[in-house]
Amino acid sequence: MKNKKLNRQIWSYALKGFFFGMLIALIATLLAADSTAYHQSRHTLSDFVDLFPSIWVIVLFPVLCGAATYFVAWQLSKIIYKQKISIKQEEKRGTVILKFVEDLGEGKFDATLQIEDENDKLGNALTKLHDYLISNKKEEEQRRLDEQQRTWVTNGLAQFAEILRRNNDNMEELSYNIIRYLVDYMKINQAGFFILNSTEEEAGEVRKYFELIGFVAYNRKKYTEKIIPWGEGLVGRCGLEQETIYMTDIPDNYMTVTSGLGESNPRSLLLVPLKSNDEVFGVIEMASFQPFLEYEIQFVEKTAESIAMTIANVRNNIKTSNLLRETQNQAEAMVQKEEQLNQNIEELQATQEENERRQIEMNGIIAAVNKASLSCEFEVDGTIIKINENFLKTFKYRPEEIEGQNIKVFIFKEDVEKFEEMLEVVRKGETYSGRVRRRTKKGEEVWLLSTYSPVINAEGKVFKILSLENDIVDQVKLEEEMKRSKEELEIMIQDARREMKEQFKEIEAVKIRNEMTLEGALDAIITINKEGVIEFFNAAAEKLWGYDRQEVLQQNVKMLFSDDSIQNDEFIKDFVTPELTKIVGERREVPIKNKFGEEVPVLFLLSEAEVGDEHSFTAFIQNVEVELF
């Protein structure tokens, strides 16, 4: 229908061109006929053709014009037709693009846009926009999914921490609550809690094994016993390798999940080691009909770390409790042995006092030996270590002259061989004594009575030699003198004995007289030693305090004063406290406490006596009321 209409239009334009050509041909013919040449001719057609040869073109011009118009109209119609088709296609494509854009605006990213031309910039741009929006949507969905997973993990860890906080003193209850929570929170089918234990075999070897102490299936607690040796099975391998094991291809008969619908194998299995600081405390095993996602596995691994630390704390608490009980038992045993220990201490103190006394005696003996004898210490090879002043004076040496010298410097050359024989005897641990000849610095001969003694160390080896020597000449002279004055000495000893007896009698009489004088004094007199123990308590003191002297002797002086006086009165505090300096030579008014608890004001004067290391303090006390009266 459209083609017929188009043909009619083309033929209409062709007829119009033909008539236009006819009009032009007619005008041209009339103009030619009106020419002078034609008027001079016979006015015949042949004359007209002869005069105007191109008349044939004018005659054919309507046909040519009609044909040309037809051709131009046909070409224009084709162009117009194509433009109409293109406009319709663009309109249709615009509708498709509009629909595509509306779908994108509504979030319908499954819509597609066909691009027929690679140079279609709008189509390519919209396609890129479509791809970008799809990618952005996927990223947004992934971010939302990640955020949901993080929230899920965070909430789970927070709730899990509360479970660990509430149940940290009972391992069985803790294991059940952990497994129960994981089954509920992760919506899995069943889970088991294996704890790592160990036993010591008879051969002394330690056998480690995993023991199932918590098991939950379908939200119900199950009771089962299962022991898995270290390194065996999936549980043992998980603990040995300290790595998470995730399986979707589970071996047959490894595990069955029992429900009301029957038994079946789970589709996925997850085993996570409970480790802290590279130490394994157990394994969690979980089974599900659904696969475990990555964030769920990470959640279980994080909870496993917290569980491991909690188990370590629980075990430490149990160990601490056991140690506390052992400590208490030991404390009781120590209390029982305390009396025996105190007794041993007293015996040791007595022994120590005896040793100190003996040490004092020994020091005195050594000092006397150093003063009376020539002393020399030298190493086993003869190198001198130490000599005393008497040795230096006898051999006429200065200390710096013999420093680092050998003992042979005092030996005559002809006596060296004999001296070496003597040293060899001493090096074997034996003592040598005898008369020896020695050489002074000036080459003078000195005869000594020497004793060479080996000094043995803790290992039983001789590490140095000690020589004690006496000048025999002086000894001989002394012996002769002793012989000459023996009788005189005996007479002098007898006289001295008689004199000492008289002196003892006089001293005893003075002592008795002094004690009687102090005893009969009107003032109260007490004497204490440096530890504050009462050693003298006269009759006036008995009267003043109301105590019998047997009640206070060898007691601490604090019993004679009130606690308040000791605390607040500086004079009394210094007097009764052993480590404080006493106020001596000053008369002070102070309160005392008598036997009946009454405080009595007195005048107090303190004196000090020192004999060697022994200190004593004597107090002279006067009753203030008596003195005033």
Side-chain angles (χ1 to χ4, degrees), residues 149-150 152-153 156-157 160 163-164 171-172 174-198 206-219 221-222 224-259 263-312 314-315:
Q149 292 175 356
R150 283 194 295 270
W152 184 84
V153 172
L157 291 175
F160 191 76
I163 292 176
L164 295 180
M171 189 64 69
E172 293 185 0
L174 174 64
S175 62
Y176 170 71
N177 289 332
I178 289 172
I179 294 302
R180 173 69 179 272
Y181 170 75
L182 290 176
V183 169
D184 292 345
Y185 193 71
M186 299 182 66
K187 297 180 176 58
I188 59 177
N189 303 102
Q190 70 181 31
F193 189 102
F194 291 86
I195 191 72
L196 180 62
N197 291 325
S198 61
V206 178
R207 183 178 69 89
K208 296 194 295 184
Y209 60 91
F210 290 97
E211 181 181 1
L212 180 62
I213 62 173
F215 185 69
V216 174
Y218 281 100
N219 202 24
K221 185 175 183 179
K222 302 294 184 179
T224 183
E225 294 183 0
K226 190 174 184 180
I227 300 297
I228 299 177
W230 172 262
E232 296 185 9
L234 292 178
V235 173
R237 196 186 88 188
C238 179
L240 178 64
E241 297 177 355
Q242 300 187 19
E243 296 291 341
T244 299
I245 298 177
Y246 176 55
M247 301 177 62
T248 54
D249 185 13
I250 302 174
D252 294 336
N253 300 325
Y254 177 79
M255 177 187 295
T256 58
V257 178
T258 304
S259 66
E263 296 182 352
S264 62
N265 289 332
R267 292 181 55 189
S268 58
L269 182 67
L270 179 65
L271 295 97
V272 179
L274 307 178
K275 65 177 182 177
S276 176
N277 297 326
D278 295 330
E279 182 180 358
V280 176
F281 293 90
V283 172
I284 289 180
E285 182 183 54
M286 294 181 289
S288 176
F289 289 128
Q290 302 298 328
F292 290 96
L293 301 180
E294 182 65 25
Y295 75 94
E296 293 178 325
I297 297 176
Q298 294 177 358
F299 168 72
V300 178
E301 290 176 341
K302 290 181 179 179
T303 58
E305 295 178 4
S306 301
I307 295 170
M309 289 188 289
T310 302
I311 293 174
V314 171
R315 287 183 172 177

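With rounding to the nearest 0.5 angstrom, the CE atom of Met286 is 11.5 Å from the CZ atom of Phe193. In this structure, the separation between CG on Leu234 and CD1 on Ile245 is 5.5 Å, given to the nearest 0.5 Å. In this structure, the separation between CG on Leu196 and CD1 on Ile311 is 9.5 Å, given to the nearest 0.5 Å. Summarising the geometry, atom CD1 belonging to Ile179 is positioned 11.0 Å from atom CG belonging to Asp184; distances are rounded to the nearest 0.5 Å. One distance of note links CZ of Arg180 with CD1 of Ile178; it measures 14.0 Å at 0.5 Å rounding.
The ring-ring contact (aromatic ring centres under 6.0 Å, His included) test applied to Tyr209 returns no partner, not counting sequence neighbours. Residues passing the salt bridge (charged side-chain N to carboxylate O under 4.0 Å, His left out) test with Glu241, sequence neighbours excluded: Arg237. With sequence neighbours excluded, no residue satisfies side chain to side chain donor-acceptor pair (under 3.5 Å) with Glu305.
A pairwise comparison of heavy atoms in Phe210 and Val283 identifies CE2-CG2, 3.8 Å as the closest pair.
With Tyr185 contributing its side chain and Trp152 its backbone, the two residues share a donor-acceptor pair below 3.5 Å.
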Show the atom names and distances, to 0.1 Å, of all donor-acceptor pairs under 3.5 Å that link a side chain in residues 266-280 to residues at least two apart or in another chain.
| from | atom 1 | to | atom 2 | distance (Å) |
| --- | --- | --- | --- | --- |
| Ser268 | OG | Ser288 | O | 3.4 |
| Ser268 | OG | Gln290 | O | 2.6 |
| Lys275 | NZ | Gln242 | O | 3.1 |

May I have the list of side-chain donor-acceptor pairs in residues 291-303 shorter than 3.5 Å, sequence neighbours left out?
| from | atom 1 | to | atom 2 | distance (Å) |
| --- | --- | --- | --- | --- |
| Glu296 | OE1 | Leu293 | N | 2.9 |
| Glu301 | OE2 | Thr244 | OG1 | 2.7 |
| Thr303 | OG1 | Phe299 | O | 3.2 |
| Thr303 | OG1 | Val300 | O | 2.6 |

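Within the structure, salt bridge (Lys or Arg N to Asp or Glu O under 4.0 Å) pairs that include any residue of residues 207-217 comprise Glu201-Arg207 (at least two apart or interchain).
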